[in-house]
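One structure below.
For the single chain, residues carry numbers from 1 onward in sequence order.
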Amino acid sequence: MLNLLSAIGLAGLCFVAWLGSEDRRIVSWNTIAWGIGLQLVVGGIVFGIGSDVVVWINDLLNVLLDASEAGARFLFGGESSPFVPDPARRPGPGVAGRWLVRTLGDPYVNVPGDRLGPDNLNPGFILAFRSLPQVIFFSGLVSLLYRLNIIQPIIKVFAKVFRKTLKISGAESLAGAANIFVGVESAIAIKPFLPKMSRSELCAILASCFGSIASSVLALYAGLLRPTFPTITGHLVSASIMTIPACFVLSKLLVPETTTPETFGHIPEAEEDPDQEKPNPVDSLIIGALDGVRMAVGIAAVIIAILGLVALVNEFFSFLTQLPGVFGDIFGVITLQNLLGAIFLPLTFLTGISLPIPFTDAFEENWQVLWESSVIIGRRLFETNIPPYISLAQLARSGVLTPRALLIVSYVLCGFTHFASYGIFVGGLSALVPSRRSDISALGFKALWAATLATLMTGCIAGLFFTGNTDSILGIPTP
């Protein structure tokens, strides 16, 4: 039943986008059919015939994640660092031995072999000492791979698939494919074509920026969920791939194409300046790492500012609880998070997370799963993805969320669909083509809405293929 609800959600989200279309008479049925078809194909591979491949990709990337902690471990305590523990180092007594020491002795005495993790370390410490340094490492690594021309051929393969199946312009296809690996930098490859692009193309490019995640932050999200969702790294890769066709589907519904794009029918080739000297691989690594530092500092700054603002708004609601009578009681349950949860509740329901049927024994439990999931998804709009991912891990670990909800919400959160990224992508694209600044600004929120619906559509795909086999899908042994 829930899988059927997820399937219905695919059509429902397209209908929601069509309602907000600039011209509801123009519908690109080819783009819709092939966009959803590509998602279903990737979903079938991820959750079916290719599940072993996903596990292999997950294990490969986890090796990189573990290696990325080496530098942070050196800076924050060496091999015995309590903040960045070495996974291969477990001296001292085993788990049972440490339990006996704390039971029979002082529970607050450090026992050799202790490792601070998500269960006994504040998530903020994990983010600051482990996750943000991983952003720096992956930013440098991706920059190095680009310099060695390893990523570009993969991007071209995806671009050709998108162009031939979705019947969109080559520039859109190339930018969308590049967004699987990088952020707004993907638009640099199509910079010469930006001035003459249609509004529909610009909206699609922006939507693909909002909807997918860059490789540099993949480690950040994966690190937050790995203890609860062991195969999360591989699934984040698949989510990033699946969201790009969804972004094209929904952006074309919101802003239909009314002209023939300049690059329709071919993939544009980036022109290189022969007089510009390329940095050597080591310089590329260093430059990428420095870009990662700016990104990590920016992430930390945004979290500090946004969470402080959210707390201030909630303090205002708390002050209103002093109003007399029923008004004070109403504001006793109102927070910014709950308001966003209520707004996103219908869309979250369409993903098929749970089906709370009134007057049934499981109604209360299913309603709690749906509500908590909606709150997490809604919080992303203001708080970015990181606090919601932390809450997702905590609620899943405590048993509040089901494995199905954990899978679907982790897919939905995989994107940059929040207000903090609006300035980054709209401002970054406007800087590349100042002559189109007004069009890009006007399309910014449409693209953000399209990307938000696209991530929800990706969650529908995850829900459609979820069979309850937590061992093969989540990496969690079935009890």
- Item | Nearest heavy-atom neighbours spanning Ala405 and Val369 | CB-CG1, 3.7 Å
- Task: Look only at the side chain of Ser441 and the backbone of Ser438, and say whether a donor-acceptor pair between them is shorter than 3.5 Å.
- Result: no
- Item | From CA spacing to verdict: side-chain contact (heavy atoms from CB on, under 4.5 Å), Glu383, Gln337 | CA-CA 10 Å; Glu383 299 181 24; Gln337 291 88 342; 3.4 Å; yes
- Task: Please confirm whether the backbone N or O of Val412 pairs with a side-chain atom of Thr458, one donor and one acceptor, at under 3.5 Å?
- Result: no
- Message: With a 3.5 Å distance limit and no angle check, can you tell me whether Thr455 reaches the backbone of Gly211 through a side-chain donor-acceptor pair?
- Response: no
- If you draw a 6.0 Å radius around CZ in Phe363, do more than 12 non-hydrogen atoms from other residues or ligands fall strictly inside? yes
- Tightest non-hydrogen contact, residues Ile461 and Phe47, listed as O-CE1, 4.5 Å
- Message: I'd like to check Phe317 versus Thr321 (side-chain heavy atoms, cut-off strictly below 4.5 Å). Are they in contact?
- Response: no
- Query: Hey, mind stepping through Leu401 and Ile376 against side-chain contact (heavy atoms from CB on, under 4.5 Å) and telling me if it holds?
  - Reply: CA-CA 11 Å; Leu401 296 184; Ile376 290 174; 4.1 Å; yes
- Message: Using the rule given for side chain to side chain donor-acceptor pair (under 3.5 Å), can you reason through Ser212 versus Thr243, listing the C-alpha separation, both sets of side-chain angles and the distance that settles it, and then say yes or no?
- Response: CA-CA 6 Å; Ser212 190; Thr243 306; over 6 Å; no
- Check step by step if side-chain contact (heavy atoms from CB on, under 4.5 Å) holds for Leu355 and Asn366. CA-CA 6 Å; Leu355 184 59; Asn366 290 336; 5.7 Å; no
- Message: Can a side-chain donor-acceptor contact be found between Arg404 and Ser354 if the only test is distance below 3.5 angstrom?
- Response: no
- Message: Using side-chain heavy atoms (C-beta onward) and a distance below 4.5 Å, is Lys252 in contact with Ile26?
- Response: no
- Side-chain (Ser318) to main-chain (Asn314) donor-acceptor, under 3.5 angstrom: no
- Query: Side chains of Arg294 and Ser139: do they bring a donor and an acceptor to under 3.5 Å?
  - Reply: no
- Message: Between Trp18 (side chain only) and Leu254 (backbone N and O only), is there a donor and an acceptor less than 3.5 Å apart?
- Response: no
- CG of Leu206 to SG of Cys247: how many Å apart, nearest 0.5 Å? 10.5 Å
- Would you mind reporting whether Phe162 and Leu174 have side-chain heavy atoms less than 4.5 Å apart? no
- Query: Which value, rounded to the nearest 0.5 Å, describes the distance between Gln39 atom CD and Leu464 atom CG?
  - Reply: 10.5 Å
- Any ion pair linking Arg436 and Glu201 (charged N to carboxylate O, less than 4.0 Å)? no
- Message: Between Ser6 and Leu2 (side chain of the first, backbone of the second, donor and acceptor by atom type, cut-off under 3.5 Å), is there such a pair?
- Response: yes
- Please report the closest heavy-atom contact between Val249 and Gly35, naming both atoms and the distance. CG2-CA, 3.6 Å
- Item | Side chain to side chain, Ile151 and Val142, heavy atoms closer than 4.5 Å | yes
- Classify the angle between the aromatic ring planes of Phe210 and Tyr422 as parallel (below 30°), tilted (30 to 60°) or perpendicular (above 60°). parallel
- Task: Could you tell me whether the side chain of Phe416 reaches within less than 4.5 Å of the side chain of Cys209, counting heavy atoms only?
- Result: no
- CD1 of Ile213 to SG of Cys414, rounded to nearest 0.5 Å, is 3.5 Å
- Item | Interatomic spacing from CG in Leu392 to CZ in Arg380 - rounded to 0.5 Å | 12.0 Å
- Just wondering, more than 12 heavy atoms not from Asp361 lying within 6.0 Å of its CG? no
- Decide whether Thr231 and Asn58 meet the rule of one side-chain donor and one side-chain acceptor closer than 3.5 Å. no
- Query: Between the side chain of Ser374 and the main-chain N/O of Leu345, is any donor-acceptor distance below 3.5 Å?
  - Reply: yes
- Item | Atom pair CG (Leu61) and OG1 (Thr233), whose distance is rounded to the nearest 0.5 Å | 6.5 Å
- Min side-chain heavy-atom separation Ser200-Ser251 under 4.5 Å: no
- Are Glu257 and Arg199 within salt-bridge range, i.e. N to O under 4.0 Å? no
- Query: Does the ring centre of Phe382 sit less than 6.0 Å away from the ring centre of His418?
  - Reply: no
- Task: Indicate whether the side chain of Tyr411 and that of Ser238 have a donor and an acceptor atom separated by less than 3.5 Å.
- Result: yes
- Task: Begin with the C-alpha distance, continue with both residues' side-chain angles, and end with the deciding distance and a verdict on ring pair (Phe, Tyr, Trp, His ring centres under 6.0 Å) for Tyr389 and Tyr221.
- Result: CA-CA 7 Å; Tyr389 263 127; Tyr221 299 155; 5.0 Å; yes
